[in-house]
Amino acid sequence: GLGQAAVIGRVEAAIVTRDAKLRGTKCRDCEQVSPEEQNRCEGCGSGNTFPIDLIDALARQLELTSATLEFADEMKGLKRSGHVAALLRY
């Protein structure tokens with residue numbers, strides 16, 4: 001998905017609905033981010049997880065790979081894609 005593409009540096013630019021509220025979970029042990037709120041990490045099975053704002057996590061990851069992030073008013077196509085879309089580098 002988009003999160004994995006951002007982690008490996010494949011995202012050139014992303015667009016997010018301005019008022020999107022997307023929650024997820026991050027593991028304190030392995031730092032894996034999940035797009036769902038969970039009590040256990042999908043990666044390592046640890047119960048040491050905490051809730052995060054996925055938009056903030058995406059913005060931080062994109063900054064590390066010099067990708068851009070734009071915010072837009074609600075659009076039908078963007079809403080259908082989960083309020084987030086990206087243009088990949090390759």
Side-chain angles (χ1 to χ4, degrees):
L2 176 57
Q4 184 62 27
V7 168
I8 62 174
R10 290 198 57 209
V11 176
E12 179 70 29
I15 187 168
V16 178
T17 303
R18 190 177 315 280
D19 59 353
K21 304 273 190 265
L22 304 175
R23 304 291 298 163
T25 304
K26 186 170 184 175
C27 178
R28 284 187 177 91
D29 294 336
C30 73
E31 297 190 3
Q32 179 168 322
V33 173
S34 172
E36 301 167 358
E37 293 189 60
Q38 302 179 13
N39 294 329
R40 289 229 164 270
C41 175
E42 293 177 339
C44 69
S46 169
N48 196 9
T49 61
F50 61 98
I52 61 168
D53 177 331
L54 284 177
I55 304 302
D56 184 53
L58 178 63
R60 290 173 191 262
Q61 187 60 47
L62 292 177
E63 183 178 23
L64 292 174
T65 60
S66 300
T68 60
L69 177 63
E70 298 290 330
F71 292 90
D73 293 328
E74 191 169 310
M75 293 182 268
K76 197 181 298 185
L78 195 53
K79 185 176 182 179
R80 278 194 307 259
S81 71
H83 300 280
V84 180
L87 174 64
L88 301 181
R89 289 188 169 127
Y90 51 89

Backbone N/O of [Y] and side chain of [X]: donor-acceptor pair under 3.5 Å:
X: Thr25; Y: Glu36; result: yes
X: Arg89; Y: Gly9; result: yes
X: Thr17; Y: Asp19; result: no

Any non-hydrogen side-chain atom of [X] less than 4.5 Å from a side-chain atom of [Y]?
X: Cys41; Y: Ser34; result: no
X: Thr49; Y: Gln38; result: no
X: Cys30; Y: Ser46; result: no
X: Gln32; Y: Lys26; result: no

If you take all heavy atoms of Cys44 and Asp29, which pair is closest and at what distance? SG-CB, 4.3 Å

Leu58 to Ala6 - nearest heavy-atom pair and separation: CD1-CB, 3.9 Å

Please check if the number of heavy atoms outside Glu74 that lie under 6.0 Å from its CD is greater than 12. yes

Count the heavy atoms of every other residue, nucleotide or ligand shown that sit under 6.0 Å from CZ of Arg60, and state whether that count exceeds 12. no

Common cluster, [X]/[Y], ILVMFWY with side-chain heavy-atom separation under 4.5 Å:
X: Leu54; Y: Val7; value: no
X: Phe50; Y: Ile55; value: yes
X: Leu69; Y: Leu88; value: yes
X: Leu62; Y: Leu22; value: yes
X: Leu87; Y: Val16; value: no

About how many Å separate [atom2] of [Y] and [atom1] of [X], when rounded to the nearest 0.5 Å?
X: Met75; Y: Arg18; atom1: CE; atom2: CZ; result: 9.5 Å
X: Ser81; Y: Ile15; atom1: OG; atom2: CD1; result: 9.0 Å
X: Lys79; Y: His83; atom1: NZ; atom2: NE2; result: 6.0 Å
X: Leu2; Y: Gln61; atom1: CG; atom2: CD; result: 10.5 Å
X: Glu63; Y: Thr68; atom1: CD; atom2: OG1; result: 12.0 Å

